[in-house]
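Input: a single structure, listed below in structure tokens.
Quantities reported herein were computed from a predicted structural model and do not represent experimental measurements. Note that these values count all heavy atoms, side chains included, but never hydrogens, waters or copies made by symmetry. Chain identifiers are assigned alphabetically (A, B, ...) following the order of the sequence lines, protein sequences preceding nucleic acid strands; residue numbering begins at 1 within each chain.
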2 protein chains.
Amino acid sequence: MAKSSIKKVAQLAGVSIATVSRTLNFPDKVSESTRLRVEDAIRETGYQPNSLAQSFRRGHTNIVTVVMPSIGDPFAAGVMRGIQAAAQQNGYAVYVEEKPLQAMSSDEFDTLLGSRQADGMIVIASIPSEGVKVLTDENRPKLPVVIACETPPELAATPRVHIDNFGAASDATELLISHGHRNIAMIYGLEESPLTISRVNGFRAALENAGLQLPDEWLVEGYRTLAGGRAAARALLTGNHRPTAIFCGNDDMALGCLHECRLLGIRAPEDLSVMGFDDIQFAAVADPPLTTVSQPAEDIGSRIFARLCKIIAGEPDSGQPADIVPHRLVIRDSVAAPPQ
Amino acid sequence: MAKSSIKKVAQLAGVSIATVSRTLNFPDKVSESTRLRVEDAIRETGYQPNSLAQSFRRGHTNIVTVVMPSIGDPFAAGVMRGIQAAAQQNGYAVYVEEKPLQAMSSDEFDTLLGSRQADGMIVIASIPSEGVKVLTDENRPKLPVVIACETPPELAATPRVHIDNFGAASDATELLISHGHRNIAMIYGLEESPLTISRVNGFRAALENAGLQLPDEWLVEGYRTLAGGRAAARALLTGNHRPTAIFCGNDDMALGCLHECRLLGIRAPEDLSVMGFDDIQFAAVADPPLTTVSQPAEDIGSRIFARLCKIIAGEPDSGQPADIVPHRLVIRDSVAAPPQ
DNA sequence: TTGAAAGCGCTACCAG
DNA sequence: CTGGTAGCGCTTTCAA
């Protein structure tokens with residue numbers, strides 16, 4: 001930690017600290033000659049402003065934090081790309097915090113939101129009820145928060161951008177139906193997140209719409225992981241009433257499902273069609289390449305950042321709290337007509 | 001932003017701000033009765049200390065930043081798990097910054113290191129030469145930096161933990177050789193990182209050791225991605241001199257390679273053996289499940305954090321700068337004897 | 001056990 | 001165009 005700071009530079013350049021500050025922040029409010037002198041002094045001392053002091057004094061940091069449950073989540077990574085690009089343009093730095101929101105207490109949420117470290121926060125996850133409590137608390141210091149995911153109904157007023165999960169799940173199911181499937185199961189994410197709920201509802205609606213039955217045992221809960229998909233698939237495929245198609249709540253589970261099929265000697269898509277959700281990069285190189293639904297992750301990122309930015313700037317947030325972006329079916333090879 | 005702060009609490013509790021500060025930081029240096037009064041006031045006002053002011057005053061933040069080139073990198077995610085666990089125990093928060101180190105200028109590095117936002121930095125990546133310049137600059141403010149990856153020779157003195165990439169690559173190659181392969185190619189990461197170089201050298205050494213030739217066209221550079229692996233594999237497999245085994249510098253490339261084989265009608269492992277590196281989770285559900293080498297990512301994370309922590313605390317960093325952790329071959333089904 | 005007060009490094013206001 | 005200076009919210013002596 002080189003001792004420091006603006007005072008030294010001022011001394012060396014033979015000017016006041018005010019002038020140093022000025023040449024840093026408003027170079028054209030300073031005469032050319034002094035500017036040069038100050039810049040020399042800065043170079044000589046290797047001075048870098050103490051950003052902590054700056055932020056403290058200014059009352060803001062020009063930092064936004066992105067909270068996600070898991071570094072390594074490909075969807076979040078996509079959203080991040082969009083956020084970063086937008087942030088860079090607007091002079092913001094972005095820090096990500098990996099937090100298992102689902103497991104957090106109200107107090108922890110409070111702390112998360114109370115830290116003045118950042119000017120605003122983007123969360124890429126569903127907010128559990130403890131978080132909802134804190135976010136809807138009137139007395140809470142109002143750090144701007146914005147969500148890149150479907151939110152619980154209580155947070156209907158919170159700005160967010162996400163796809164129409166209900167519609168996407170329904171579209172995916174209809175794709176299966178259009179191939180002639182009438183025996184369709186779904187593996188959905190474990191948590192009671194609004195996102196999961198919407199997808200399950202969309203699935204049910206599409207089935208109902210087509211006059212199809214859904215036996216209880218064909219709606220199975222799994223962890224949102226490869227292992228979760230494998231376990232759920234095994235349960236589904238070793239029962240005596242076997243579906244001809246499985247719709248998975250995300251690609252991880254779908255990939256796990258595909259793998260379990262291989263182990264069981266069940267061919268996809270000849271014996272079983274599998275549909276994913278998310279279009280992670282590995283979906284394209286799965287065997288068979290996974291048919292899935294894609295979310296415009298990057299776009300979600302840039303949109304949500306733009307909204308956060310406006311809120312931070314105090315501009316009125318325009319229009320609906322929910323900005324619904326389009327999803328898209330990605331047709332590859334894991335869905336085909338049912339056997340016979 | 002609820003107006004704020006320690007002063008209000010003090011007023012409400014009828015004490016000085018010093019006392020409020022004390023009950024927050026040293027509760028037992030305050031009499032029970034005032035403590036209770038202050039705590040009430042805190043609750044009533046919903047006061048939360050301004051962490052910016054605290055950090056500014058204290059001169060440190062109790063934050064460490066982790067820099068990685070890509071959110072979504074499964075290896076980095078594993079390292080993060082180790083870091084988080086260790087950080088939590090030691091009262092540190094961890095922020096991650098996604099930065100394409102390879103593309104950064106010296107100035108950008110300077111800024112990265114100059115920000116007093118964090119007390120220290122862990123980088124999960126190889127440091128390019130611009131970064132080396134800054135890190136080895138004597139005049140640089142010495143933000144503690146520590147590396148979770150193999151480093152360039154110029155940074156030999158920088159604390160780091162990583163596997164023996166040379167040895168691991170050599171082991172992987174020997175596995176191929178032990179299955180009877182004599183025509184082995186390698187697809188290595190594009191960048192001239194020390195890590196890539198070590199792996200290529202380990203590969204070469206094992207070949208040489210076994211008296212095997214390496215034609216130039218069998219050492220091919222690829223981007224470190226699925227697409228990179230696919231392109232490189234296609235080049236390798238459509239030439240007229242085709243290897244019977246390919247060692248890939250990471251699992252992404254190996255998975256891309258496997259996919260390209262499928263497209264080309266080449267069966268793995270019957271026609272071609274493929275070996276990966278990293279053991280990402282998708283390696284286990286590849287078709288065929290990928291034989292690869294695994295790094296103890298989580299362990300790397302906790303070790304590197306421990307070292308950073310000591311440096312921040314001013315304790316002498318014990319022993320060698322390089323802490324080499326063991327790698328492990330993960331035998332699955334993508335490697336077998338060569339055809340005939 | 002408590003309070004008064006001095007700054008931490010910087011920005012921004014007000015004079016000159 | 002420049003300098004002097006108040007003060008951001010907090011911690012931490014030093015006295016009482």
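In this model, no side-chain donor or acceptor of A:R116 finds a partner on the base of D:dG9 within 3.5 Å.
Closest approach to the B:R22 side chain among D:dT2, C:dA4, D:dC10 is made by C:dA4 (side chain taken as heavy atoms from C-beta onward). Candidate nucleotides C:dA4, C:dG9, D:dC10 were compared by shortest atom distance to the side chain of A:S5, and C:dG9 ranks first. The side chain of A:R58 approaches C:dT11 more closely than any other nucleotide in the set D:dC10, D:dG3, C:dT11. Of the candidates C:dC10, D:dT12, C:dT2, the closest approach to any side-chain atom of B:F26 belongs to D:dT12. Residue B:V15 has its side chain nearest to C:dG3 when only C:dG3, D:dG9, D:dG4 are considered.
Under the ring-ring contact (aromatic ring centres under 6.0 Å, His included) criterion, B:F75 pairs with no residue, sequence neighbours left out.
Separating the CG atom in B:D299 from the CD1 atom in B:I163 is a distance of 12.5 Å, to the nearest 0.5 Å. For the atom pair A:L143 CG and A:Q117 CD, the distance stands at 11.0 Å (nearest 0.5 Å).
Residues A:H162 and A:I324 form a side-chain contact, since some pair of their non-hydrogen atoms from C-beta on lies under 4.5 Å apart.
The interatomic distance linking A:K29 (NZ) with D:dG3 (P) rounds to 15 Å, in whole Å. The separation between A:R35 atom CZ and D:dC1 atom C1' is 13 Å, rounded to whole Å. As rounded to whole Å, 13 Å separates atom P of D:dT12 from atom CD1 of B:I17. Atom CD in B:Q54 sits roughly 14 Å away from atom C1' in D:dC8 (whole-Å rounding). Distance A:H60 NE2 to D:dG9 C1': 17 Å, rounded to the nearest Å.
Among the atoms of the strands shown, only primed sugar atoms or phosphate atoms (P, OP1, OP2) are found under 4.0 Å from some heavy atom of B:T19. No engagement by B:S55 is indicated, since no non-hydrogen atom pair under 4.0 Å with the nucleic acid exists.
For B:R37 (side chain) and B:A13 (main-chain N/O), a donor-acceptor pair under 3.5 Å exists by modelled atom type.
A stacked arrangement is not assigned to A:F56 and the six-membered base ring of C:dC10, the conditions of a centre distance below 5.5 Å and an interplanar angle below 30° not being jointly met.
Between B:S31 and A:S51, the residue whose closest nucleotide on DNA chain C is further toward the 5' end is B:S31.
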